[in-house]
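Below: the structure, in structure tokens.
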Amino acid sequence: MEIPSKYDPKRVEQHWYTYWMQHRFFHSTPDGREPYTIVIPPPNVTGVLHMGHMLNNTLQDVLIRRARMQGKNACWVPGTDHASIATEAKVVAKLKAEGVPKASLTREAFLEHAWAWTREYGGVILEQLKKLGCSCDWDRTKFTMDPDMEASVIRVFVDLYRKGLIYRGYRMVNWDPEARTTLSDEEVIYEERQGFLYYIGYPIVGSDDRVIIATTRPETLLGDVAVCVHPGDERFTHLHGKRVRVPICDREVPVIADPYVSMEFGTGCLKITPAHDENDYRIGQQHDLEIIDIFNPDATLNHYGLHYEGMDRFEARKAIVGELEQQGYLIKTEPYTNKVGTSERTGAVIEPRLSDQWFLSMKELAQPAMEAVLSTGEVRLVPSRFENTYRHWMENIRDWNISRQLWWGQRIPAWYYGPGKEDYAVADTPEGALELARQQSGNPGLEASDLRQDEDVLDTWFSSWLWPISVFGGILEPENEEIEYYYPTTDLVTGPDILFFWVARMIMAGYHFRGERPFETVYLTGLVRDKQRRKMSKSLGNSPDALGLIEQYGADGVRVGLLLSAAAGNDLLFDEGLCQQGMNFANKVWNAFRLVQGWQVEDRPQPEEALLGIRWYEARFQATLEEIEDHYAKYRISDALMATYKLVWDDFCSWLLEIVKPPFGEPMDRRTYAAVIGLFEGNLKLLHPFMPFLTEEVWQHIESRKPEEALVVAPWPERQPFEGALLEGFEFTREVISGIRTIRKEKNIPFREAVSLQVLDEEGADRKWELLVRKLANVDQVSLEASAPEGALSFRVRSNEYFIPLEGAVDLEEELRKIREELEYTRGFLASVEKKLSNSRFVDNAPEQVVALERKKAADAAAKIETLEKSLAKLQ
RNA sequence: GGGCUCUUAGCUCAGUUGGUUCAGAGCACCUGCCUUACAAGCAGGGGGUCGUUGGUUCGAAUCCAACAGGGCCCA
């Protein structure tokens, strides 16, 4: 069989993915095995794969593939969410481009377009995950707007409403003027913006004097209803009870006193605009002030804007400042940096706005969720330092604004039957609402046509927070077999940026609706950044094309590249070089396979060094397996990968294969061959979660396998006891071989030229290891010596001394210098150890083990010094 | 402004309850090799006062304090 010298991912990836799917290896149904469950963090239905998704989903795939190999019933539920703001914005933009304004459409017509859009683009990101190799149970693919998922959301809304946890309130909320909807507090991102502080003089009524206020938002003066000073501020006591005239709109407003005002900030005098600032609103309430809202929903000025009506708020700011200046009201402006809230979705500057919204009361829900993470440890955050962030948020939790002024999403199941704010009924269905409405209103004559459903939809996170329950039907049928089997899920892998949006709320929902945690462990990944540490984003254009990377480096290469530097919770500075490294590794494994499969095998005795090498590698494999299991247990996936990488590349390829490799042109014995194949298969198993395609390809090349023997479902290697002495013996031997290679390099002795080796064996080393030295360092003869020979190059390993006789090539001075250097270092080392040992406080206080170790160090060093001194004496 | 967190080799990071020859790994770099699996490779090599300053201790990269400089969350 002809096998190309380079691994070609394109040739194999599609083939094996199709094979796995055909044999339904990713599909899970409840059975007697232990379940291992992951629910995917649902990406936006219309999104495309980006680097964050790749990292996140590669991690999930590694975990799920390993669990599957461990014989657990592995179930990874994929799906998408409807992303109401983002999707609606895209659909609106598309329609606009086609000359169709949203306002010209009915709600139903708009939703038709949105569904069409979803059908067209909805599957894209999931198809991309398949390219990455993700082994999701695709039969279980869920979408937050699926009928059953939607029904779950509605059921939960009604339930929480009836428990009194959902209420309708007139509050100051975060308004996104671009999306024309409210946002929850979590969706607002505060940014530092360079602005100005404007000092404006308000004339005092009945006086020629004026009062100066400082503001960052002069345009809002059109909504001013008062000017406020601190009651204890003596500079302004003469103003109490006076009235001032607001410039431009010429409105007379009172001067009020409230301790909220900071005497230090600005002029100590504050204008009050209750409609456009949360604190002003509070003061307005306390002082019973009027509320004047000067904005339209898109943040242009309304009729209160007078001659600025229709102008954008920022344009209006400039124009108003100009007018104030012209009319002499503007005293001065100074540069000022302030924090501005922006929309997480659209980036628009948030406008505080008063409106009726639906809120979910959080205190009660938060309590068990807080305990689960911080007290009982039922839910574990990895890395644990996120617990602090979690605690801080949970302790200061505020009610959740769950209504959105959008059409794309689950419409709030509240029906109004009268003109009053409280004239509504909440129910699962219009019929249920009608019945309730008749009761509540005492009017049995109400008809369906008298009811008007709330226009708003629910926040997308109000769907997502149920995800681990609703994907298994656990809301609608709380006792169904699936939810009972798969819930609580095992691991959740997501980014820390949605710890509050999603993770915390899922924990709340888990305890509230199931009385149980939704998952055991939350693995928080880092953010993927570029080499300048900037977050990768579409707007910056610094995110490489995900599928392009897979095309270039292969899915396995990209997976390895991403994982190599992805310590949990640490940001990952993405560098394409890492994918290159991943691809190189794939090629390395591929070529190791080419070597092995090219060997001719026949009946012949097994060389002793091959047997020794195999025994050593078995021990090495076990030691590494132990290490890898420990890394997995701690979710240190990149360390698990690195340990596997070194095992395969260094120990297996560079050492074992060189040990067992038959001389050129000679065949190999059957026992060695069979053993090497077995070890190779063990390696493939460890590698499979990281590099599923390559490993399955090689696995199937090794021999033809039945479907149930595919690597994807092969049993994970078992832990076995191993001989530590083999590892120590090999390590010593490796140093000897290294020493000979160094001398070869320094003296330009080509490898094909055999050398002989003389040993001053102070250590009493096991001579079986000489077999490896002979083969790997091309040594033709090994002899034990009683004293240092002359005319030889030397090196030392522990207290052993090795000589390579090489007449004429030996530089005596150089040899002496090397020995003196080693001697000096070792003496210094011994001195420091002895100093420790002579300190009675150390000997008395330190643990016995530590003291014993120090004694051994001293003895070893002393032995080495003796060797060195002897050699020195001989040479001089 | 409040809280959290980090600073170790050129880069990205490990370093567990203070104690092995503990100052590490990968990459990058330097040198030599087209050796019949692999130049996407092989062999060898250099490189750090562990941010600074104090303290605790027989012993500090590790614990404590202050300072300097990053980052995150919240307001």
Side-chain angles (χ1 to χ4, degrees), chain A residues 3 5-7 185-186 188-190 278 339 341 383 385-393 395-398 496-497 499-500 526-527 529 531 533 553 557 561 564-567 569-575 577-578 580-599 630-631 634 636 638-639 641-643 645-646 649 653-654 657-658 661 663-665 737-746 748 750-752 776-778 798 825-826 829-830 832-833 835-847 849-857 860-861 864:
Chain A
I3 295 182
S5 72
K6 305 239 185 292
Y7 171 63
D185 295 331
E186 289 67 39
V188 178
I189 298 166
Y190 288 88
E278 191 160 3
K339 293 269 182 128
R385 62 189 150 88
F386 284 105
E387 286 168 12
N388 286 323
T389 316
Y390 183 86
R391 171 184 292 114
H392 189 256
W393 189 74
E395 284 175 351
N396 298 287
I397 198 155
R398 298 165 65 175
D497 48 337
L499 184 59
F500 309 132
L527 262 38
R529 296 175 182 276
K531 281 179 109 173
R533 287 196 178 274
Y553 300 104
L564 272 175
S565 61
N570 279 352
D571 286 355
L572 161 60
L573 271 62
F574 183 73
D575 176 358
L578 294 169
Q580 179 73 43
Q581 195 186 338
M583 185 176 78
N584 293 353
F585 184 44
N587 203 51
K588 182 72 185 178
V589 175
W590 180 250
N591 275 291
F593 166 66
R594 286 180 64 223
L595 172 68
V596 170
Q597 74 86 42
W599 282 330
D630 183 53
H631 287 318
K634 293 171 180 158
R636 299 166 63 135
S638 73
D639 289 334
L641 170 58
M642 185 47 70
Y645 180 97
K646 285 196 274 192
W649 196 312
C653 294
S654 297
L657 291 182
E658 295 301 330
K661 190 191 263 182
F664 182 60
I737 292 167
S738 223
I740 299 168
R741 284 175 175 170
T742 306
I743 285 178
R744 281 183 178 280
K745 161 107 174 157
E746 281 170 358
N748 276 319
F751 185 81
R752 47 181 83 236
L776 297 181
N778 195 13
R798 288 183 216 166
Y825 172 82
T826 315
F829 175 72
L830 179 62
S832 82
V833 176
K835 189 179 160 201
K836 250 192 237 183
L837 287 169
S838 64
N839 182 334
S840 66
R841 286 203 277 183
F842 170 71
V843 180
D844 296 342
N845 296 332
Q849 253 187 329
V850 174
V851 178
L853 277 168
E854 290 298 317
R855 289 196 207 285
K856 182 169 185 315
K857 273 154 68 178
D860 288 349
K864 178 144 194 176

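We name chains A, B, ... by the order of the sequence lines, and we start the count at 1 in each one. As the structure is a computational prediction, the values presented were derived from the model and not from experiment.
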Are A:T389 and B:C74 close enough that a side-chain N or O sits under 4.0 Å from OP1 or OP2?
no

Shortest non-hydrogen separation from A:E854 to A:V833 and the atoms involved:
O-CG1, 3.3 Å

Could you tell me how far B:C42 sits from B:A37 if I compare only their C1' atoms? Round to whole Å.
12 Å

Round to the nearest Å and state the distance from A:W393 atom CH2 to B:C73 atom P.
14 Å

Give the C-alpha distance, both sets of side-chain angles, the deciding distance and a yes or no for side chain to side chain contact (heavy atoms under 4.5 Å, CB included) between A:R741 and A:K745.
CA-CA 6 Å; A:R741 284 175 175 170; A:K745 161 107 174 157; over 6 Å; no

Which nucleotide sits closest to the side chain of A:M583: B:A40, B:U16, B:U35?
B:A40

Please tell me which of the listed nucleotides, B:C42, B:A39, B:C4, lies nearest to the side chain of A:N388?
B:C4

Where each residue is assigned the nucleotide of RNA chain B containing its nearest heavy atom, which of A:F829 and A:K661 is assigned the position nearer the 5′ end?
A:F829

Between P on B:U20 and NZ on A:K856, what's the gap in Å once rounded to a whole number?
14 Å

Would you name the heavy atoms of A:A777 and A:F751 that are closest together and state the gap between them?
C-CE1, 3.9 Å

Tell me the interatomic distance from A:K745, atom NZ, to B:U31, atom C1', rounded to whole angstroms.
4 Å

What's the gap between B:A61 and B:G24 when it is taken at their C1' atoms, as a whole Å value?
12 Å

Options B:U35, B:G2, B:A37, nucleotide nearest the side-chain atoms of A:C653
B:A37

What is the distance from CE of A:M642 to P of B:G24, rounded to the nearest Å?
18 Å

Determine the interatomic distance between C1' on B:U62 and the same-named atom on B:U16; round to the nearest Å.
10 Å

Rounded to whole Å, how long is the line connecting atom CD of A:Q581 with atom P of B:C29?
13 Å

With heavy atoms under 4.0 Å as the rule, sort A:R391 into base, sugar-phosphate or nothing.
nothing

Determine the Euclidean distance between corresponding P atoms of B:G26 and B:G44; express it in Å to zero decimal places.
13 Å

For B:A75, take OP1 and OP2 only and decide whether either is under 4.0 Å from a side-chain N or O of A:N396.
no

In whole angstrom, what separates A:E658's CD from B:A43's P?
8 Å

Touch class at under 4.0 angstrom, heavy-atom based, for A:T826 against every strand present:
nothing

Rounded C1' spacing from B:C72 to B:C30 in Å:
39 Å

Check whether any side-chain N or O of A:S638 sits under 4.0 Å from OP1 or OP2 of B:C13, and answer yes or no.
no

Distance between the P atoms of B:A28 and B:G69, in whole angstroms?
35 Å

A:F585 CZ to B:G41 P, straight-line distance once rounded to whole Å:
12 Å

P atoms of B:C73 and B:G54, separation to the nearest Å
36 Å

For B:C27, does either OP1 or OP2 sit under 4.0 Å from a side-chain N or O belonging to A:Y645?
yes

For the pair A:K634 and A:D630, find out whether any cationic side-chain nitrogen is under 4.0 Å from an anionic carboxylate oxygen.
yes

Pick the C1' atom in B:C13 and in B:U17, then give their distance to the nearest Å.
23 Å

Side chain of A:N587, backbone of A:M583: donor and acceptor closer than 3.5 Å?
no

For A:A861 and A:T826, the nearest pair of non-hydrogen atoms, with its separation, is O-CG2, 3.7 Å

Using a cut-off of less than 4.0 Å, is there contact between a side-chain N or O of A:K588 and OP1 or OP2 of B:C42?
yes

In which ranges does RNA chain B form stems of 3 or more consecutive Watson-Crick or G-U pairs, distances under 3.5 Å?
B:1-7 with B:68-74, B:10-13 with B:24-27, B:29-33 with B:41-45, B:51-55 with B:63-67

Excluding sequence neighbours, so at least two apart, what forms side-chain hydrogen bond (donor to acceptor under 3.5 Å, both in side chains) with A:N388?
A:R391

Using side-chain heavy atoms (C-beta onward) and a distance below 4.5 Å, is A:L527 in contact with A:P496?
yes

Which of B:A14, B:C72, B:A40 is nearest the side chain of A:R529? It is B:C72

Could you walk me through whether A:K864 and A:D860 pass the salt bridge (Lys or Arg N to Asp or Glu O under 4.0 Å) check?
CA-CA 6 Å; A:K864 178 144 194 176; A:D860 288 349; over 6 Å; no

When the nearest nucleotide of RNA chain B is assigned to A:L595 and to A:D185 on a heavy-atom basis, which residue is associated with the more 5' position?
A:L595

With a 4.0 Å limit, can you tell me whether A:R636 has a side-chain N or O closer than that to the phosphate oxygens OP1/OP2 of B:A25?
no

Presence of A:W649 side-chain N/O under 4.0 Å of B:C42 phosphate oxygens OP1/OP2:
yes

Using the side-chain hydrogen bond (donor to acceptor under 3.5 Å, both in side chains) criterion, which residues pair with A:Q580? Sequence neighbours excluded.
A:N584

Spacing between A:H631 atom NE2 and B:G15 atom P, to the nearest angstrom
10 Å

